[in-house]
Amino acid sequence: MHVVQISFFVDPLRRAPEQLLGAWHSLADIAIAARTSVTRVTVVQASMVEGICSREGVEFHFVAPVGAGAPLTRAPAFAALLGRLRADIYHVHGLGFAREVLGLRKLAPRTPIFLQDHADRPPRFWRRALWRRAVALAAGVSFCARAQADPFARARHLAPHIEVFEIPESTSRFTPGDRTEARAATGVHGEPALLWVGHLDDNKDPLTVLDGVALAARDVPRLQLWCCYGTAPLLERVRARLADDPMLRDRVHLLGRVPHERVQELMRAADLFVLGSHREGSSFSLIEALASGLTPLVTDIPSLRALTGDGQVGALWKCGDGQSLARAIRDIACRPAGELRSQARAHFEAELSSVAIGQRFAAAYTRLTGRDAVAVE
């Protein structure tokens with residue numbers, strides 16, 4: 001079977017192909033995961049900088065649209081490439097490319113189309129007709145959690161013939177490491193040390209996390225929280241909260257933005273991973289934490305529930321409820337650290353590793369094409 005994965009997202013920074021693969025980890029990780037269980041995988045990426053490169057048996061083609069804002073499917077080079085590739089199935093990233101999916105169907109009238117959700121939401125009213133026409137052309141759609149399809153189904157955006165698959169959005173190349181060495185390299189300390197990786201915004205809800213940490217610290221006095229973040233619209237409110245609360249003032253460390261490789265060292269140094277999200281299409285940071293053997297304490301929402309096996313690893317807590325988080329911290333802090341790390345990594349290997357994700361994609365491709373994916377030797 002030959003799977004052609006297509007990404008219509010255009011990099012606004014116009015990075016060269018190798019740079020883009022380094023920055024957009026999931027672009028390569030998803031394709032390489034599929035390659036573990038499929039005979040051939042090719043990626044076509046919309047890009048203002050053209051080129052071809054390969055990684056671990058996957059060929060990546062970077063193709064330019066005919067102009068800014070124009071669908072890639074109108075580019076003669078894109079049509080010619082599809083003709084040469086002769087895919088058995090097209091795997092399209094994202095649900096927000098109605099014009100492109102319609103164009104793809106014109107170029108390949110009989111090849112099955114599989115759409116993968118990447119934190120998309122049902123379209124606004126004025127886009128619904130076009131969106132429905134495009135999605136109706138798909139044979140299947142995947143979400144990180146099956147429940148994430150419900151808003152689309154309730155709005156009648158998913159035609160009855162479309163099969164819904166539950167597949168984690170991506171995998172991670174992070175690995176566990178020596179905790180003592182990682183702590184020496186990063187300066188992380190705490191018993192336990194909690195790690196936050198996410199924006200400081202209303203959706204991620206850092207203020208509720210701080211509430212939970214302050215409550216838990218009464219019973220877990222050596223607790224420390226380390227925060228990595230990118231955008232931070234709530235930064236001043238977070239700082240004010242730390243300044244006003246003696247339980248938090250010397251317990252919470254705001255690290256700001258850190259390089260991706262540094263995140264892995266921090267995850268190896270920490271004991272617990274915490275998220276306060278109210279909504280997530282998936283969570284790359286949670287997947288990375290599990291890959292590192294880091295025990296998650298995350299909110300009880302569909303995607304995080306799916307990624308943790310309904311809370312079989314770590315603990316789930318109620319959105320916006322600091323007391324719920326505090327209880328989870330107190331309960332987990334009593335368990336042996338080595339056992340927790342082993343459990344987290346074992347869950348990753350079984351459910352979120354490249355091989356595990358590849359098997360799920362291969363099963364979906366086989367179902368939609370009626371052809372055996374053929375495992376790679």
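All values below were derived from every heavy atom in this structure, side-chain atoms included, with hydrogens, water molecules and symmetry-related copies excluded. Numbering starts at 1 and runs along the sequence shown.
Contacts of F284 classified as ring-ring contact (aromatic ring centres under 6.0 Å, His included), with partners at least two apart in sequence or in another chain: none.
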With a 3.5 Å cut-off and sequence neighbours excluded, list the donor-acceptor pairs that the side chains of residues 58-74 form with protein atoms.
| from | atom 1 | to | atom 2 | distance (Å) |
| --- | --- | --- | --- | --- |
| E59 | OE1 | H61 | NE2 | 2.8 |

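The existence of a salt bridge linking R241 and D245 is confirmed by a sub-4.0 Å separation between a basic side-chain nitrogen and an acidic carboxylate oxygen. Classification of R239 and E236 as a salt-bridged pair holds, one side-chain N sitting under 4.0 Å from a carboxylate O. Salt-bridge annotation for R345 and E351: absent, with no side-chain N of the basic residue lying under 4.0 Å from a carboxylate O of the acidic one. The existence of a salt bridge linking K106 and E100 is excluded, since no basic side-chain nitrogen approaches an acidic carboxylate oxygen closer than 4.0 Å. In this structure, R173 pairs ionically with E56, as a charged nitrogen and a carboxylate oxygen lie closer than 4.0 Å.
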Item to check | Test log, rule side chain to side chain contact (heavy atoms under 4.5 Å, CB included), inputs L104 and F97 | outcome: CA-CA 10 Å; L104 177 62; F97 297 96; over 6 Å; no
Checklist entry - Between R55 and E18, is a side chain to side chain contact (heavy atoms under 4.5 Å, CB included) present by the stated rule, with each step listed? => result CA-CA 10 Å; R55 288 191 178 183; E18 288 288 355; 3.5 Å; yes
Item to check | Pair E163-F165, side chain to side chain contact (heavy atoms under 4.5 Å, CB included): steps then yes or no | outcome: CA-CA 7 Å; E163 292 203 52; F165 298 87; 3.7 Å; yes
Next on the checklist: Between E265 and R179, is the salt bridge (charged side-chain N to carboxylate O under 4.0 Å, His left out) condition met? List the steps.
Outcome noted: CA-CA 9 Å; E265 283 300 305; R179 177 177 178 265; over 6 Å; no
Checklist entry - Do I329 and V274 pass the side chain to side chain contact (heavy atoms under 4.5 Å, CB included) test, and can you show the C-alpha distance, the side-chain angles, and the key distance before you say yes or no? => result CA-CA 9 Å; I329 293 172; V274 62; 6.0 Å; no
Checklist entry - Checking side chain to side chain donor-acceptor pair (under 3.5 Å) for the pair E280/S277: CA distance, chi angles, key distance, verdict? => result CA-CA 7 Å; E280 291 276 2; S277 303; 2.7 Å; yes
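Judged purely by atom type and a 3.5 angstrom limit, R251 uses its side chain to pair as donor or acceptor with the backbone of P221. No donor-acceptor pair under 3.5 Å is formed between the side chain of R40 and the backbone N or O of V3. Under the 3.5 Å distance criterion, the side-chain polar atoms of E349 are left unmatched by any main-chain donor or acceptor of A346. Counting only distance, with no hydrogens or angles, the side chain of Q116 and the backbone of E169 share a donor-acceptor pair below 3.5 Å. At least one donor-acceptor pair closer than 3.5 Å links the side chain of R105 to the backbone N or O of A108. Between the D120 side chain and the H118 main chain, a donor and an acceptor come within less than 3.5 Å of each other. Judged by distance alone, the side chain of R15 and the main-chain N or O of L20 form no donor-acceptor pair under 3.5 Å. Side-chain N or O atoms of W317 include none that pairs as donor or acceptor with a backbone N or O of G276 at under 3.5 Å. Under the 3.5 Å distance criterion, the side-chain polar atoms of R268 are matched with a main-chain donor or acceptor of T175. Side-chain atoms of R183 come within 3.5 Å of backbone atoms of A269 as a donor-acceptor pair (strictly under, hydrogens ignored).
Minimum interatomic distance between L223 and A216 (heavy atoms only, all atoms of both residues): CD2-CB, 4.0 Å. Summarising the geometry of A34 relative to Q5, their closest heavy-atom pair is CB-NE2, 3.7 Å, with the distance given to 0.1 Å. Residues V101 and A134 come closest through the heavy atom pair CG1-O, 3.5 Å. The shortest heavy-atom contact between A193 and H189 is CB-O, 3.5 Å. Listed here is the closest heavy atom pair of L368 and A139: CD2-O, 3.5 Å. In plain terms, the two heavy atoms of P233 and D201 that are nearest each other are CG-CB, 3.8 Å.
Side-chain contact annotation: H2 with T39, donor-acceptor N/O pair under 3.5 Å absent. Between R341 and S292, the side chains place no donor N or O within less than 3.5 Å of an acceptor N or O (distance only, hydrogens not considered). With hydrogens and angles left out, the side-chain atoms of D205 and T208 include a donor and acceptor closer than 3.5 Å. Checked by atom type, the side-chain pair E288/S285 shows no donor-acceptor distance below 3.5 Å. Side-chain contact annotation: S7 with Q45, donor-acceptor N/O pair under 3.5 Å present.
Considering only heavy atoms from C-beta on, V238 comes within 4.5 Å of L254 through its side chain. Taking 4.5 Å as the limit, some side-chain heavy atom of L225 sits within range of a side-chain heavy atom of V209. With a 4.5 Å cut-off on side-chain heavy atoms, F9 and L27 do not count as touching. Counting heavy atoms from C-beta outward, P206 and L234 have side chains that approach closer than 4.5 Å. Contact check for T295 versus D271: no side-chain heavy atoms found under the 4.5 Å cut-off. In this structure the side chain of H93 reaches within 4.5 angstrom of the side chain of I30, judged on heavy atoms. Using a 4.5 Å heavy-atom threshold, the side chains of L85 and V44 count as touching. For the pair F114/T369, no side-chain contact is recorded, criterion being any heavy-atom separation below 4.5 Å from C-beta on.
In the hydrophobic clustering of ILVMFWY residues, with side-chain heavy atoms under 4.5 Å counting as a link, W196 and L248 come out together. The hydrophobic cluster containing M247 does not contain L325, counting ILVMFWY residues as joined when their side-chain heavy atoms lie under 4.5 angstrom apart, directly or transitively. The cluster map of Ile, Leu, Val, Met, Phe, Trp and Tyr, joined by side-chain heavy atoms under 4.5 Å apart, puts V164 and V135 in the same cluster. Under the 4.5 Å side-chain heavy-atom criterion for Ile, Leu, Val, Met, Phe, Trp and Tyr, L107 and V4 are members of the same hydrophobic cluster. No continuous path of hydrophobic side-chain contacts links V10 to I6 [ILVMFWY only; heavy atoms under 4.5 Å].
Clustering of Ile, Leu, Val, Met, Phe, Trp and Tyr side chains at separations under 4.5 Å leaves L215 isolated, with no partner residue. Members clustered with M267: F174, V188, L195, V197, W226, L255, V258, V263, L266, F273, L275, L286, I287, L290, L294, V298, I301, L304, L307, V313, L316, F348, L352, by chain and number, using a 4.5 Å side-chain heavy-atom cutoff among hydrophobic residues.
Listed by first then second residue, pairs satisfying side chain to side chain donor-acceptor pair (under 3.5 Å) with a partner in residues 136-159 read R132-H157, not counting sequence neighbours. Note on residues 301-313: pairs passing side chain to side chain donor-acceptor pair (under 3.5 Å), not counting sequence neighbours, are D300-R305.
Classification of the F143-F152 ring pair by plane angle, with boundaries at 30° and 60°, yields tilted. Note: F361 and Y365 have parallel aromatic rings, judged against thresholds of 30 and 60 degrees for the angle between ring planes. Between F8 and F78, the two ring planes are tilted [angle within 30° to 60°].
Within the model, atoms CG of L272 and CG of L194 stand 5.0 Å from one another, a figure rounded to the nearest 0.5 Å.
Under a cut-off of 6.0 angstrom, the local environment of CZ in R14 is sparse, with at most 12 non-hydrogen atoms contributed by other residues, nucleotides or ligands. For Q323, the CD atom counts as loosely surrounded, since its 6.0 Å shell holds 12 or fewer non-hydrogen atoms of other residues, nucleotides or ligands.
Aromatic ring centroids of Y229 and H199 lie 6.0 Å or more apart.
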